[in-house]
Chemist: 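Quick one: the structure is below, questions incoming.
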There are 2 protein chains.
Amino acid sequence: MPPTPSKAQLMELLAHSVSTHYADFTTAAADTGLTSSQAKTLTVLRRAPASMRSLAHTLACDASNMTGIIDRLEKRDLVRREVSATDRRVKNVALTEAGQKLIDAIRERMEQTQTGLDQLSDEERAELFRLLTVVFPAQ
Amino acid sequence: MPPTPSKAQLMELLAHSVSTHYADFTTAAADTGLTSSQAKTLTVLRRAPASMRSLAHTLACDASNMTGIIDRLEKRDLVRREVSATDRRVKNVALTEAGQKLIDAIRERMEQTQTGLDQLSDEERAELFRLLTVVFPAQ
DNA sequence: CTCCATACTTGAAGACATCAAACAATATGA
DNA sequence: TCATATTGTTTGATGTCTTCAAGTATGGAG
């Protein structure tokens, strides 16, 4: 049995892991001509369209910031704004087909780069999945 | 035994974990008046002084970018530049006492926020540590 | 000494980030 | 209903981040 790492040691390793993964993501995004903020936005939209407000909340930034990011994505036809049918103040942002393709390409590239996961056995993958779910609970 | 998650599922969770942790870090940094780039820089310097060049390499950004970041940190007396004794082209950047205190404060705040790790048993911590080391090998 | 590489800085241009202020549409309360 | 407050989004100002091209100074190889 390996010795128990301290919380500080584990956080240090966590920080390293996060930096590595984040850098990979940024690189994959840059290879397709996107900034990491733009790629993060497309990632959120991959699941479902969202209003400007909820995008800003999810990405933890100011609403006025989203305006600029969506402006630039829309100018490249990767997303489109649609006025909500139920509340005319709200604009729902959805991926275009080109946007969908682009974010898929980034995810594919990440899968190829992320070779570390291939080092794990099925049991280890399941255990890592479980542990991460505990440490970073959804929502 | 839990079912084996697919690589895609695991990467999805990994992305979520990374986003969460990164957002926490950015928030902790902002609470002390630093941007995340500035806080990341101080984190690197916490271990040892480094030249502009190696900082840029570690943080995966252009060297000219570091100039601006270090300029702003130096203006606030959080770091200082020192001309290398062996190569007068090189400037070594070191934390000041104030810089040391500030990055310590951010780390402390992260420890308080990162309550997920407290949910794990000693065995689970050791296992998470081991798995992360495999997936994100040092260097 | 000449030539080239290296370490860093500067300047320009675009993106990111936050704040205050504006605007339109909706909700609330008398 | 009408006046008022709240909400969703945008605009403008300011500062930071990021990259690129170009410049300066130092070091090293021939």
Side-chain angles (χ1 to χ4, degrees), chain A residues 19 22-23 25-45 49-76 78-94, chain B residues 19 22-45 49-76 78-94 102:
Chain A
S19 300
Y22 196 78
F25 180 72
T26 301
T27 301
D31 286 349
T32 66
L34 291 181
T35 66
S36 52
S37 291
Q38 291 170 343
K40 266 194 273 187
T41 303
L42 295 190
T43 300
V44 173
L45 293 174
S51 67
M52 299 294 292
R53 177 126 212 88
S54 81
L55 275 179
H57 178 259
T58 303
L59 297 175
C61 69
D62 196 88
S64 66
N65 197 9
M66 282 319 306
T67 298
I69 293 175
I70 297 299
D71 279 352
R72 287 180 284 271
L73 288 173
E74 198 171 30
K75 197 179 302 178
R76 293 173 55 183
L78 299 174
V79 304
R80 67 172 158 268
R81 285 175 166 95
E82 290 166 354
V83 175
S84 162
T86 59
D87 185 338
R88 284 187 304 177
R89 291 171 301 181
V90 174
K91 298 191 182 157
N92 288 311
V93 184
Chain B
S19 300
Y22 196 79
D24 285 352
F25 180 70
T26 301
T27 301
D31 286 350
T32 66
L34 292 181
T35 66
S36 53
S37 291
Q38 292 170 343
K40 266 193 273 187
T41 303
L42 295 191
T43 300
V44 173
L45 292 174
S51 68
M52 300 294 292
R53 177 125 210 91
S54 80
L55 275 179
H57 179 258
T58 303
L59 297 175
C61 70
D62 196 89
S64 67
N65 197 9
M66 282 320 306
T67 299
I69 292 175
I70 296 300
D71 278 351
R72 288 180 282 274
L73 288 173
E74 197 171 31
K75 198 178 302 178
R76 293 173 54 183
L78 299 173
V79 303
R80 68 171 157 267
R81 285 175 166 95
E82 290 165 355
V83 176
S84 163
T86 59
D87 184 339
R88 283 187 305 177
R89 291 171 302 180
V90 173
K91 298 192 182 157
N92 288 311
V93 185
L102 198 54

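Computed from a predicted structure; not experimentally measured. Just so we're on the same page: letters track the sequence lines, and every chain starts at 1.
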Chemist: Can you list everything that forms a side chain to side chain contact (heavy atoms under 4.5 Å, CB included) with A50(A)? Sequence neighbours excluded, please.
Modeler: L45(A), S54(A), L55(A)

Chemist: Considering heavy-atom distances to DNA chain C, does M66(B) or A60(A) have its closest nucleotide positioned more toward the 5' end?
Modeler: M66(B)

Chemist: Output every pair passing salt bridge (charged side-chain N to carboxylate O under 4.0 Å, His left out) with a member in residues 54-69 of chain A, not counting sequence neighbours, ordered by first then second residue.
Modeler: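 Applying salt bridge (charged side-chain N to carboxylate O under 4.0 Å, His left out) to every pair that reaches into residues 54-69 of chain A, excluding sequence neighbours, yields nothing.
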
Chemist: What range of DNA chain C does chain A touch, first nucleotide to last, counting atoms under 4.0 Å from its heavy atoms?
Modeler: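 Footprint of chain A along DNA chain C, 5' to 3': dA15(C) to dT26(C).
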
Chemist: Do nucleotides 21-27 of chain D as a string where each nucleotide becomes B, S or -: B if the base has a protein heavy atom under 4.0 Å, S if just the sugar-phosphate does, - if no protein is that close.
Modeler: ----BBS

Chemist: Taking atom C1' of dT6(D) as reference, at what distance in whole Å does atom CZ of R53(A) sit?
Modeler: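 Value for this atom pair: 11 Å.
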
Chemist: Got a sec, which residues hit side chain to side chain contact (heavy atoms under 4.5 Å, CB included) with A63(A), two or more places apart in sequence or on another chain?
Modeler: R53(A), A56(A)

Chemist: Got a donor-acceptor contact below 3.5 angstrom from the Q38(A) side chain to the T35(A) backbone?
Modeler: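 Judged by distance alone, yes, a pair lies under 3.5 Å.
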
Chemist: Which whole-number value in Å describes the distance from L55(A) CG to dT10(D) P?
Modeler: 11 Å

Chemist: Between side-chain atoms of residues 83-90 of chain A and protein atoms elsewhere (two or more places apart, or another chain), which donor-acceptor pairs fall under 3.5 Å?
Modeler:
residue	atom	partner	partner atom	Å
S84(A)	OG	T86(A)	N	3.1
S84(A)	OG	T86(A)	OG1	3.2
S84(A)	OG	D87(A)	N	3.2
D87(A)	OD1	R89(A)	N	3.0
D87(A)	OD1	R89(A)	NE	3.1
D87(A)	OD2	R89(A)	NE	3.4
D87(A)	OD2	R89(A)	NH2	2.8

Chemist: Applying salt bridge (charged side-chain N to carboxylate O under 4.0 Å, His left out), can you list everything that pairs with R76(B), at least two apart in sequence or on another chain?
Modeler: none

Chemist: Got a sec, which residues hit side chain to side chain contact (heavy atoms under 4.5 Å, CB included) with T27(B), two or more places apart in sequence or on another chain?
Modeler: D31(B)

Chemist: Looking at residues at least two apart in the chain, or sitting in another chain, which of them share a side-chain hydrogen bond (donor to acceptor under 3.5 Å, both in side chains) with K91(A)?
Modeler: none

Chemist: Restricting to side chain to side chain contact (heavy atoms under 4.5 Å, CB included), what partner residues turn up for T58(A), sequence neighbours left out?
Modeler: V44(A)

Chemist: For nucleotides 13-17 of chain D, give me every protein contact, N/O to N/O, under 3.5 Å, one pair per line with atom names.
Modeler:
residue	atom	partner	partner atom	Å
dC17(D)	OP1	T35(B)	OG1	2.4
dC17(D)	OP2	R72(B)	NE	2.6
dC17(D)	OP2	R72(B)	NH2	2.5

Chemist: Could you tell me whether R80(A) and E74(A) make a salt bridge, using a distance below 4.0 angstrom between a side-chain N and a carboxylate O?
Modeler: no

